[in-house]
Amino acid sequence: MLIENCRVKKNEKIIEDIYKMEIINEQITKLGKAGQFLQIKVNNQDTPLLRRPISINEIKIDEKVIVIYYKVIGKGTKLLSEVKSGEILNVIGPLGTGFETNYEEKSIALIGGGIGVAPLIELGKRLSDRNKVYSYLGFADNTYLEEEFKKFSTSIGVSTVSGRVGYKGLVVDIFKNELIDKKIDLIFACGPNPMLREIAEIAKLNNIECQVSLEERMACGFGACLGCSIKTIHGMKKVCSDGPVFWSSEVIFND
Amino acid sequence: MLIENCRVKKNEKIIEDIYKMEIINEQITKLGKAGQFLQIKVNNQDTPLLRRPISINEIKIDEKVIVIYYKVIGKGTKLLSEVKSGEILNVIGPLGTGFETNYEEKSIALIGGGIGVAPLIELGKRLSDRNKVYSYLGFADNTYLEEEFKKFSTSIGVSTVSGRVGYKGLVVDIFKNELIDKKIDLIFACGPNPMLREIAEIAKLNNIECQVSLEERMACGFGACLGCSIKTIHGMKKVCSDGPVFWSSEVIFND
Amino acid sequence: MTKSLNTTVDIGGLRINNPITVASGTFGFGREYENFIDISKLGGIMAKGLTLKPREGNPTPRIAETSSGMLNSVGLENPGVEYFVKNELPYLKSKGVTVIANISGNTVEEYCEMCNILDNTKTDAIEMNISCPNVKQGGVAFGTDKDIVYNITKEVRKSTNKPLIVKLSPNVTDIREIAKSAQKGGADGLSLINTLLGMAVNIKSRRPILRNNVGGLSGPAIKPVALRMVWQVSQVVDIPIIGMGGISTVEDIIEFLLVGASAISIGTANFINPRVTTDLLKELEKYMIENEIKDINDIVGKIKPY
Amino acid sequence: MTKSLNTTVDIGGLRINNPITVASGTFGFGREYENFIDISKLGGIMAKGLTLKPREGNPTPRIAETSSGMLNSVGLENPGVEYFVKNELPYLKSKGVTVIANISGNTVEEYCEMCNILDNTKTDAIEMNISCPNVKQGGVAFGTDKDIVYNITKEVRKSTNKPLIVKLSPNVTDIREIAKSAQKGGADGLSLINTLLGMAVNIKSRRPILRNNVGGLSGPAIKPVALRMVWQVSQVVDIPIIGMGGISTVEDIIEFLLVGASAISIGTANFINPRVTTDLLKELEKYMIENEIKDINDIVGKIKPY
Ligand SMILES: Cc1cc2nc3c(=O)[nH]c(=O)nc-3n(C[C@H](O)[C@H](O)[C@H](O)COP(=O)(O)OP(=O)(O)OC[C@H]3O[C@@H](n4cnc5c(N)ncnc54)[C@H](O)[C@@H]3O)c2cc1C
Ligand SMILES: Cc1cc2nc3c(=O)[nH]c(=O)nc-3n(C[C@H](O)[C@H](O)[C@H](O)COP(=O)(O)OP(=O)(O)OC[C@H]3O[C@@H](n4cnc5c(N)ncnc54)[C@H](O)[C@@H]3O)c2cc1C
Ligand SMILES: Cc1cc2nc3c(=O)[nH]c(=O)nc-3n(C[C@H](O)[C@H](O)[C@H](O)COP(=O)(O)O)c2cc1C
Ligand SMILES: Cc1cc2nc3c(=O)[nH]c(=O)nc-3n(C[C@H](O)[C@H](O)[C@H](O)COP(=O)(O)O)c2cc1C
Ligand code: FES
Ligand code: FES
């Protein structure tokens with residue numbers, strides 16, 4: 001785990017409140033895996049006090065660049081969106097375990113909800129070499145990052161709650177309709193908790209292995225504060241250091 | 001009293017920890033007087049929480065520019081020193097009463113200690129038309145702003161505690177030696193409290209009128225918090241709104 | 001649109017036009033803010049804390065900044081209640097301002113005497129400060145013992161027909177006990193919280209920054225404590241609560257209303273943005289429209305705890 | 001140069017190499033920080049709060065950020081004292097770490113039993129937490145009543161020969177009374193402060209952010225309260241104080257020492273900069289050299305109040 005002052009190469013809005021940032025750091029690009037995350041200090045002040053957890057969404061080894069996509073939610077991500085290229089951010093990473101990716105000849109479903117689609121990019125890139133990757137991307141209204149997924153996906157299903165683009169409704173519904181046809185035998189999912197809980201149930205029902213990337217409010221991000229502990233069938237686990245990726249069958253979802 | 005978002009025209013180090021900033025605002029340049037001050041919010045965060053009081057050190061009406069000189073002391077002035085030209089600062093001003101300047105044919109001493117020399121620049125500019133101005137500038141080690149004072153002063157005395165430049169010792173000592181010779185009949189002083197107290201005594205002893213610009217820790221700067229109240233012979237007065245300039249004969253100095 | 005919104009709230013028998021008031025000691029007697037805003041737009045002004053006789057307060061430094069907060073040791077500098085009645089109140093009333101007088105005493109008798117003086121005036125309500133941590137006698141002692149709070153409220157209650165709001169100190173083990181005592185003693189409403197007792201140190205001089213050694217902590221830093229106390233108290237009393245402590249945004253206001261405050265006071269934030277009150281009033285109305293809240297009272301206490 | 005500096009301090013019969021320790025619950029059992037620093041450099045580690053039986057703690061969310069602070073409602077998740085003795089303590093001791101076990105109980109008997117278990121181990125001292133605001137039974141009740149504090153300290157004192165440090169809650173009316181009771185009961189040292197009870201609200205869901213509704217406030221926001229309490233307590237007790245609450249810079253450390261702390265603990269700041277402790281140790285030594293302080297004890301309590 002490194003604590004690094006990293007130069008921001010680029011920071012740009014891609015749509016509405018969604019931003020793409022490129023951060024330069026050789027070591028983190030070398031060590032980082034899909035599904036791991038960074039803890040970013042967005043300024044040098046006491047407000048915001050805590051670091052903000054953001055996934056490693058893409059790694060460009062040759063450029064020494066980590067790509068993150070983030071949605072402006074509150075004070076921290078707002079400040080992050082105002083960072084200019086050339087500025088320095090203090091970053092801890094790579095954190096967490098990341099996705100288990102040692103598979104071949106599988107039919108894999110990537111299911112992302114909202115900004116939860118982003119961490120699936122690096123994952124899809126790595127998996128698509130030796131597996132078939134079907135991507136399912138769910139959004140509220142506007143869609144984004146489909147182009148990235150097209151690069152490695154066999155097919156893409158897109159839904160919006162508003163119906164503006166793609167299927168009107170929840171992405172899980174598209175997935176449910178296709179999972180038999182596409183002979184899905186492995187699921188990777190990232191998004192809001194209710195979505196993950198539903199996917200976990202579908203996976204169980206259909207006897208499909210499923211990895212979910214969870215979110216919890218974090219103080220440290222490296223296992224020290226116990227702020228992110230969740231119940232699993234193997235006892236309490238820390239989302240930051242035992243996760244954020246878990247087998248869906250392990251997780252006891254909160255109500 | 002205005003609350004204005006002002007563009008920073010320039011912000012540069014002039015020596016060591018002393019900075020010069022030019023702030024653009026038409027109305028404040030029109031209303032502002034020597035001895036008045038601004039309350040500057042150095043960023044948009046909760047830390048630092050309070051505004052920072054900085055004197056209006058020079059006014060360039062035609063350029064719509066207020067010049068401030070400031071010393072980096074702590075968090076607030078540090079952040080101020082990092083502001084880049086083109087950025088916007090939220091400023092309240094002009095605040096306070098300013099110096100009484102309606103004089104002619106007087107022999108006037110301006111006595112400044114440290115960064116307290118700065119507010120005397122605009123004052124000297126205004127007084128020198130119709131009066132003789134003798135400037136006395138005291139510093140700890142390095143000196144600054146002498147060039148500005150040369151523009152309007154009949155003579156300048158400079159002291160440093162370290163002896164690096166000018167008289168080795170306190171500026172009040174130079175002044176004491178010259179005050180009879182120069183037939184000083186009016187004093188304006190700005191600097192640390194002990195210096196002002198001494199000057200007030202000298203003024204009293206020699207029966208010279210004397211205006212002092214005081215500093216107190218301020219929460220508001222416009223008379224609402226009573227954070228800056230001092231004892232005077234006319235009862236409690238607020239440094240921010242009844243001052244910061246007082247007749248030295250009024251002030252009951254703290255020990 | 002705005003017309004159909006109800007923002008009036010009741011703070012213990014006194015109806016005010018909107019829930020945004022200003023915290024005592026942070027708004028003077030209103031005059032200083034007239035350079036910035038129309039003070040008659042406010043729900044009410046808690047005037048600068050008054051004592052029976054004029055007070056000079058503590059020596060300076062009286063202000064220290066802390067992380068997201070500030071300490072003050074003003075020590076109740078004020079011109080005394082009679083000066084207020086003669087020189088400040090008529091002016092404020094002529095402007096159409098709702099005026100809540102904030103009073104501090106060294107003895108029960110002093111509180112009662114101040115009430116007697118204020119009772120024959122146009123003061124709209126009395127906020128009894130039993131919590132100021134800066135005055136050695138009285139201040140802390142009154143507000144931290146539930147029996148004393150009960151007794152003093154009962155006595156002062158007899159001395160005034162105005163709505164009586166008791167302002168509580170947060171520097172106590174169980175704010176609920178104190179609040180219940182004030183209600184039992186006859187308070188019409190409660191204000192909370194006053195400042196937390198704190199300290200700041202200058203490591204160069206090795207002295208406290210405040211000449212009074214300690215002072216009252218206010219500002220965003222204390223908001224979590226204030227919210228918790230308002231929430232706790234709202235569960236054990238039936239009288240309206242005026243919530244305060246670190247409020248500087250419209251979200252802060254909603255939070256206080258949700259946990260049970262009928263109105264709120266803005267304190268320290270006035271120093272940083274002297275227009276904050278009227279700015280937030282506009283934002284509050286906008287919030288109501290956007291969230292289809294017709295009556296601001298509809299969200300008071302509407303938090304759903306786990 | 002550094003050689004001639006004395007940074008060792010006494011915290012109630014236990015000498016530690018330097019005054020920089022880490023606050024319980026913010027440093028786990030040390031392992032997590034080994035990725036970042038050499039933990040044996042620390043004055044000591046206050047281990048994660050232990051209970052007699054393992055605890056799962058509260059459901060998430062357990063963390064909320066506030067202005068210059070954070071709330072936590074971890075609720076003492078821990079593997080229990082016996083697991084600690086078997087699996088964590090030997091490892092820490094093998095690394096040469098000074099280990100202070102932090103214990104919480106629901107009853108006096110539980111505290112005593114935990115002490116019995118720890119007494120035959122290499123634990124260097126016991127920090128008795130009577131202040132955790134997250135546990136409904138016990139927690140708050142113990143730490144807020146001076147008679148209970150006296151009694152529990154007296155009983156627990158009998159159950160251990162280790163240095164006994166009592167950790168006080170700031171959520172009390174008069175911390176001095178509580179501190180005196182702990183000293184009278186036999187405490188060798190005092191730790192203060194624990195977290196202030198606070199709350200945060202999500203206005204969209206209209207629910208508390210924390211699943212536990214309320215939580216403990218820590219971080220820079222609480223520093224002024226912590227400094228004030230350490231200063232007040234240092235004037236009424238003779239035993240060493242470990243000061244904490246919002247420390248994140250070397251200036252903060254000096255402030256706490258000046259007002260009377262013999263040592264300090266760093267808590268929340270570890271989350272933001274996991275190297276903060278060893279960074280500050282270097283800065284502290286630099287500060288001593290620059291200010292010609294040969295022995296760090298020379299500045300303890302050296303504030304000159306007005
Ligand atoms: C492992 C992990 C990976 C993540 N990856 C991404 C990503 O790639 N892109 C992205 O846009 N977002 C990601 N998030 C969510 C992101 O951390 C939050 O949106 C962000 O912290 C919000 O901060 P804020 O200051 O803008 O919001 P505020 O609501 O002001 O934040 C207040 C506090 O709550 C925390 N918080 C708020 N929302 C969340 C959340 N959803 N999850 C965790 N903590 C939260 C903040 O960190 C902060 O401590 C990830 C979260 C986790 C735990
Ligand atoms: C009317 C007035 C005019 C001033 N004009 C100038 C000027 O032209 N140039 C200049 O360099 N400085 C001036 N000062 C002093 C300047 O305000 C302080 O140096 C500055 O506030 C320090 O802030 P900081 O955050 O860097 O220091 P910190 O020590 O971190 O500040 C902490 C708190 O103490 C206050 N504070 C610290 N030192 C002083 C001080 N000397 N006076 C008042 N408050 C203080 C700060 O405002 C802040 O609230 C003036 C002060 C006053 C009252
Ligand atoms: C400078 C200052 C002076 C104050 N004076 C008084 C007072 O006279 N009477 C009183 O009841 N409260 C007084 N208070 C407390 C405030 O009214 C308010 O309860 C507290 O500051 C918390 O609100 P805030 O965080 O919004 O400032 C004062 C606060 C400040 C900052
Ligand atoms: C996440 C977290 C967990 C804590 N757990 C404990 C605990 O188990 N036992 C205890 O005595 N104090 C506990 N505390 C309180 C700290 O030890 C410390 O007293 C407090 O946080 C103030 O210091 P700080 O502001 O530097 O964090 C905890 C604090 C935090 C933030
Ligand atoms: S965030 Fe601190 S343990 Fe996971
Ligand atoms: S600084 Fe607030 S009254 Fe002067």
Side-chain angles (χ1 to χ4, degrees), chain C residues 59 64 66-71 140 144-145 169-174 178 196-203 205-208 210-215 217 219-232 246 248 250-252 254-259 287 291 299 302-306, chain D residues 59 64 66-71 140 143-145 169-174 196-203 205-208 210-215 217 219-232 246 248 250-252 254-259 287 291 299 302-306:
Chain C
T66 66
S67 277
S68 297
M70 61 169 275
L71 294 166
V140 168
T144 53
D145 181 298
S169 165
N171 302 298
V172 296
T173 303
D174 189 350
I178 309 286
L196 286 166
L197 194 59
M199 185 175 189
V201 174
N202 180 334
I203 64 168
S205 65
R206 297 192 177 174
R207 309 208 79 161
L210 299 176
R211 189 68 168 69
N212 189 52
N213 296 323
V214 296
L217 182 64
I222 70 169
K223 199 186 80 176
V225 176
L227 276 174
R228 183 263 294 182
M229 288 190 167
V230 170
W231 183 62
Q232 286 184 324
S248 70
V250 69
E251 289 81 13
D252 295 339
I254 310 291
E255 291 172 22
F256 273 88
L257 298 179
L258 285 173
V259 298
Y287 177 88
N291 291 273
I299 67 169
K302 287 298 155 57
I303 189 145
K304 287 165 286 182
Y306 290 102
Chain D
T66 66
S67 277
S68 296
M70 61 169 276
L71 294 166
V140 167
T144 54
D145 181 298
S169 165
N171 303 298
V172 296
T173 304
D174 189 349
L196 285 166
L197 194 59
M199 185 175 189
V201 174
N202 180 334
I203 64 168
S205 65
R206 298 193 176 172
R207 308 208 80 162
L210 299 177
R211 190 66 167 72
N212 190 51
N213 297 322
V214 296
L217 182 64
I222 70 169
K223 198 186 80 176
V225 175
L227 276 173
R228 183 262 296 181
M229 289 189 167
V230 170
W231 183 62
Q232 286 184 324
S248 70
V250 70
E251 289 81 14
D252 295 339
I254 310 291
E255 291 173 22
F256 273 88
L257 299 179
L258 285 172
V259 297
Y287 176 88
N291 291 273
I299 68 170
K302 286 300 154 56
I303 189 145
K304 287 165 286 182
Y306 289 103

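The figures here come from the full heavy-atom set of this structure, side chains too, leaving out hydrogens, waters and symmetry mates. Just so we're clear, the structure is a prediction, and the values are computed from it rather than from any experiment. A, B, ... follow the sequence lines: proteins, then strands. Residue 1 opens every chain.
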As an exercise: rank [options] by heavy-atom pairs under 4.5 Å with chain C and give me the winner.
| options | value |
| --- | --- |
| D:E251, D:Q232, D:R207 | D:R207 |
| D:P305, D:A200, D:P220 | D:P305 |
| D:S68, D:P59, D:G246, D:A64 | D:S68 |
| D:G198, D:G69, D:S205 | D:G198 |
| D:T66, D:L227, D:V172, D:I299 | D:V172 |

Considering only heavy atoms from C-beta outward, does the side chain of D:W231 approach that of C:V201 to under 4.5 Å?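 Sidechains of C:V201 and D:W231: no contact.
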Can you say whether D:I222 sits under 4.5 Å from chain C via the side chain, the backbone, both, or neither, judging by heavy atoms?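 Nothing of D:I222, per the 4.5 Å heavy-atom cut-off to chain C.
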With a 4.5 angstrom heavy-atom cut-off, which part of C:V230 approaches chain D: side chain, backbone, both or neither?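 C:V230 has no heavy atom closer than 4.5 Å to chain D.
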Please classify the contact between C:I303 and chain D as side chain, backbone, both or neither, with a heavy-atom cut-off of under 4.5 Å.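 Its backbone and side chain both get close to chain D.
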For chain D, which candidate among C:P224, C:A226, C:A221 shows the most heavy-atom pairs at distances under 4.5 Å?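 If we count pairs closer than 4.5 Å to chain D, C:P224 comes out on top.
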Heavy-atom pair count under 4.5 Å with chain D, highest-scoring of C:L210, C:N213, C:N291, C:N202: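 Top count of heavy-atom pairs under 4.5 Å with chain D: C:N213.
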So, does D:T173 use its side chain to make a donor-acceptor pair with the main chain of C:T173 at under 3.5 Å?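 Yes, the answer is positive, given that a donor and an acceptor are paired below the 3.5 Å cut-off.
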Interatomic distance, [X] atom [atom1] to [Y] atom [atom2] [nearest 0.5 angstrom]:
| X | Y | atom1 | atom2 | answer |
| --- | --- | --- | --- | --- |
| C:I203 | D:D252 | CD1 | CG | 9.0 Å |
| D:L217 | C:R228 | CG | CZ | 10.0 Å |
| C:D145 | D:D174 | CG | CG | 12.0 Å |

